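See below for the structure under consideration.
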Amino acid sequence: MSLLIHIGYHKTGSTFLQKQVFNQENFGFISPWCRQDYYKKLLLVNPFLFDINKTRLFFEEKIEKAAKENLVSVISEERLSGSITSGGYNNYNMANKLYSLFPQSKILIIIRNQLDMIWSIYKHRLNSDLAVGIDEYLEQIQKDFPSFEPFFNFDYLQYHWLINHYQSLFGKDQVLVLPYEMLKDNKVLFLEKISNFTQTNIDTKINFSQVNKSNLYLSLYFKRWTNFFAPRICRVNSSLYQKINNSFFYRLNQVIENTIPKALSEKVENHLKEIIAEKIHNYYIESNQKTSNIINMDLSPYNYQM
């Protein structure tokens, strides 16, 4: 089966890959499904109603058509690695589901050093509806005390667990794990590894544009306070308040970016990253060492705790 399944993680360049690589037939890829297909058929389907045969047929029709055209079909959806707001509580079962459907597929996993990942997740939550500071947010993340409700937790970013599970299911040679930092530091090498893994022809000389530009923390700081007034019963991005709020802060972000010295903005962000570093301390050292061993790659040059 000529299928690549890209499961994320979140905040690791997924949109870039989806929009500028995996939908380029001249590179040898095709992604004929939309996000709603993934939600309806894989992510949000009632487990009691999940029909493995019907679901497999839904995807196989387009996979086989693409294979006849010498194209690799791609299922790319970062939520397959679990929701960042709920600690990825369902990622183990999702791996089993994907294997039951597509046991011959190849798996792509992109990871990111945990300090930057937590910082990115915090900013993502501020951009959505979070209304607490970094200290309070980190205090809500309990490392030692579990909860019956799925919240984000530090264990979600111990990558070796999920990587090990995918390798045990699909086979080590069928799973490619790359650090997001490689994409930032050496995009050509990053894309070459994906191209070699999938036996496709990604043109690494093409100038790929940035897809999602992160908002400055200073603008998100102000948005944090307006999030207090967001609807509490049903906080959805489609609500009128959210639309107005997001539109206003999109413009505010542009103003701050053009007026506030970059050095000041970086100083504030670095201070908050220091708080995160103090909170996680050495929590990920053992996991990162295991991850480095099972993917046969030294992660220390990318600032992973080792």
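Everything numeric here is computed off the predicted structure, so don't read it as measured data.
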So, Y304 versus D116: side-chain donor-acceptor pair below 3.5 Å or not? no
I'd like to know whether CH2 of W161 has more than 12 heavy-atom contacts from other residues, nucleotides or ligands below 6.0 angstrom. no
Not counting sequence neighbours, list each pair that qualifies as a salt bridge (charged side-chain N to carboxylate O under 4.0 Å, His left out) and has a residue in residues 64-86. R35-E77, R35-E78
What heavy-atom pair brings H124 and I84 nearest, and what distance separates the two atoms? CD2-CD1, 3.6 Å
Verify whether one side chain among Q114 and N288 offers a donor that lies under 3.5 Å from an acceptor in the other. yes
Is N26 atom CG crowded by more than 12 heavy atoms from other residues, nucleotides or ligands, each under 6.0 Å away? yes
Let me know which of S81, S86, S83 forms a side-chain contact (heavy atoms from CB on, under 4.5 Å) with Y156. S81
Using side-chain hydrogen bond (donor to acceptor under 3.5 Å, both in side chains), reason through N96 and H165 one step at a time and then give a plain yes or no. CA-CA 9 Å; N96 295 338; H165 189 49; 2.8 Å; yes
With no hydrogens and no angle check, do the side chains of S76 and H6 hold a donor and an acceptor under 3.5 Å apart? yes
Regarding N90 and N93, is there a side-chain donor-to-acceptor distance under 3.5 Å anywhere? no
When you group the ILVMFWY residues by side-chain heavy-atom contacts below 4.5 Å and let the links chain together, are L162 and F102 in the same group? yes
With a distance cut-off below 6.0 Å to the six-membered ring centre and an angular limit of 45° from the axis, does K279 pair with F154 as a cation-pi contact? no
Exercise: do N113 and E181 side chains pair donor with acceptor under 3.5 Å: yes
Counting heavy atoms not belonging to Q199, are there more than 12 under 6.0 Å from its CD? no
Heavy-atom pair with the smallest gap, counting every atom of I194 and L178: CG1-CD1, 3.8 Å
